[in-house]
Amino acid sequence: MSQSDYHLIGTNTRYSSWTARVEMVLEYFQIPYTNEVLSLDQAGTRSPSAKFPLLQCHSLGITINDSLAIVEFLADRNPHLHLWPSDPALRALARSATAEMHSGFMTMRSTFHTNFIAKYTGNIPVSEDAKREIKRILTIWDNARRVTKERVAQNQDEGFLFGKFSIADAWFWPVLWRFRTYNLPLDNVTPEALEWMEKMWSDPQIKKLVYGYYRQAEDPRTRIEKYEGLFAEEGVVYETFPEDWVFTVPTGA
């Protein structure tokens, strides 16, 4: 396989959660690839579904659309990398959690748009539907960590959802941003879920991706106005997080 066998076509990952997910899998598992960043208005000319990301595999002469299909393809092509957990039960649960994230949580997606560096402060409206989805997300994280601790030896558990980093962690990564961006309620969070959150924010390889999000933000051409300054009518203050921000466990959690 050549060094440039895979070519990722996506949008700026500071806004594009689906491109960010695939990028995270490629980067974390150090799968060689080239990439191309396009603006949203170019989607119709480059993507058959008018959506991103796309992955081109030159050796097979194919282009794959849909982020989950892309990472499943990468898992098939790189079985030695264990993109899914090796334990059969954990692998099934990881796939289940990933699929639920891929097709669900529509209120979260439509209300709290992806914007990595943004910080919203104030009375952010959280509907009952959003609260139910938040509770479900926190439950998934808690269950994943609890089952993993039961099935994986302590010295083999790296603190990710299912022990070692997997596609499931990449899929929930942009959701974790939303908790930070919009200061979403953590009323039902457990110590197990908080452990995972802390692991994700502190992991060195993930921090390299964070560095890239901030570098994107330095280029005004990457700015997408419709994702900036939301909830202004509710008096919510829009700012940005400093690059040296560090996750701390919420008081009373």
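- Taken from CD in E192 to CG in N143, the straight-line distance is 10.0 Å, to the nearest 0.5 Å.
- How far CZ of R178 is from CH2 of W173: 12.5 Å, rounded to the nearest 0.5 Å.
- The ring-ring contact (aromatic ring centres under 6.0 Å, His included) test applied to Y213 returns F116, W177, not counting sequence neighbours.
- With D169 contributing its side chain and S166 its backbone, the two residues share a donor-acceptor pair below 3.5 Å.
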(message) The test is side-chain hydrogen bond (donor to acceptor under 3.5 Å, both in side chains); show your working for T181 and N115 and say whether it passes.
(response) CA-CA 7 Å; T181 297; N115 187 338; over 6 Å; no
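- The distance from atom OG1 of T111 to atom CG of L184, rounded to the nearest 0.5 Å, is 10.0 Å.
- Between W196 and F172, the ring planes lie perpendicular to each other; the angle is over 60°, past the 30° to 60° tilted range.
- Annotation: side chain of H7 is not in contact with side chain of N35 (no heavy-atom distance under 4.5 Å).
- Scored by the side chain to side chain donor-acceptor pair (under 3.5 Å) test, T107 finds E133 as partners (sequence neighbours excluded).
- Residue N12 holds its CG atom at 10.0 Å from CZ of R221, rounded to the nearest 0.5 Å.
- V237 and F112 are assigned to two separate hydrophobic clusters, defined by single-linkage of ILVMFWY side chains at heavy-atom distances under 4.5 Å.
- Side-chain contact check for D87 versus V152: every heavy-atom pair is 4.5 Å or farther apart.
- Within 6.0 Å of atom CD in E218, more than 12 heavy atoms from other residues, nucleotides or ligands are found, so the atom counts as buried in its surroundings.
- Criterion: ILVMFWY side-chain heavy atoms under 4.5 Å apart, direct or through other members. Under it, V175 and M106 are not part of a common hydrophobic cluster.
- At least one side-chain heavy atom of C57 sits under 4.5 Å from a side-chain heavy atom of D5.
- Figure legend: R215 and Y211 shown as a cation-pi pair, the cationic atom lying under 6.0 angstrom from the six-membered ring centre and within 45 degrees of its axis.
- Below 30°, between 30° and 60°, or above 60°: for H113 and Y227 the angle between ring planes is between 30° and 60°, a tilted geometry.
- The local environment of CD in Q154 is sparse, with at most 12 non-hydrogen atoms from other residues, nucleotides or ligands closer than 6.0 Å.
- Hydrophobic clustering (ILVMFWY, side-chain heavy atoms < 4.5 Å, transitive): L55 and I62 are in one cluster.
- For E198, there are no salt bridge (charged side-chain N to carboxylate O under 4.0 Å, His left out) partners two or more places apart in sequence or in a different chain.
- Among all heavy-atom pairs drawn from T19 and G10, the shortest one is OG1-CA, 3.7 Å.
- The aromatic rings of F160 and F165 sit perpendicular, their planes meeting at an angle over 60°, well past the 30° parallel limit.
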(message) Quick one, R136 with E100, criterion salt bridge (Lys or Arg N to Asp or Glu O under 4.0 Å). Give me CA distance, side-chain angles, the key distance, then yes/no.
(response) CA-CA 10 Å; R136 176 57 185 158; E100 185 172 351; 2.9 Å; yes
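- Environment of NZ in K199: crowded, with over 12 heavy atoms of neighbouring residues, nucleotides or ligands closer than 6.0 Å.
- Under the side chain to side chain contact (heavy atoms under 4.5 Å, CB included) criterion, R95 pairs with E72, W84, R91, not counting sequence neighbours.
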(request) Mind running salt bridge (Lys or Arg N to Asp or Glu O under 4.0 Å) on R145 and D157 for me, showing each step along the way? (result) CA-CA 10 Å; R145 292 300 303 141; D157 183 3; 2.8 Å; yes
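- Rounded to the nearest 0.5 Å, atoms CD1 (I224) and OG1 (T222) are 7.5 Å apart.
- Interatomic distance, CG of L54 versus CD1 of I70, reported as 6.5 Å (0.5 Å rounding).
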(request) Give the C-alpha distance, both sets of side-chain angles, the deciding distance and a yes or no for salt bridge (Lys or Arg N to Asp or Glu O under 4.0 Å) between R14 and D219. (result) CA-CA 12 Å; R14 60 181 283 210; D219 183 352; over 6 Å; no
For residues 25-32, run the donor-acceptor check on the side chains, cut-off 3.5 Å, and write out each pair with its distance to 0.1 Å, sequence neighbours left out.
unit_1	atom_1	unit_2	atom_2	d
E27	OE2	Y33	OH	2.6
Y28	OH	D203	OD1	3.0
Y28	OH	D203	OD2	3.3

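- At least one side-chain heavy atom of W201 sits less than 4.5 Å from a side-chain heavy atom of R180.
- V249 and L161 fall within the same hydrophobic cluster, defined by Ile, Leu, Val, Met, Phe, Trp and Tyr side-chain heavy atoms under 4.5 Å apart, directly or through other members.
- Residues F162 and W171 place their aromatic rings such that the two centres sit no closer than 6.0 Å.
- For the pair L8/T34, no side-chain contact is recorded, criterion being any heavy-atom separation below 4.5 Å from C-beta on.
- Here the side chains of R21 and P174 are in contact, with some heavy-atom distance below 4.5 Å.
- Using a 4.5 Å cut-off on side-chain heavy atoms (C-beta onward), I137 and M108 make contact.
- Residues N123 and E234 are not in side-chain contact: their nearest non-hydrogen atoms beyond the backbone lie 4.5 Å or more apart.
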(message) Go through it in stages, so that I can follow the logic: the residues are K149 and E195, the test is salt bridge (Lys or Arg N to Asp or Glu O under 4.0 Å), and I'd like the CA-CA distance, side-chain angles, deciding distance and then a yes or no.
(response) CA-CA 12 Å; K149 288 181 178 181; E195 286 175 5; 2.9 Å; yes
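- Residues passing the salt bridge (charged side-chain N to carboxylate O under 4.0 Å, His left out) test with K131, sequence neighbours excluded: E128.
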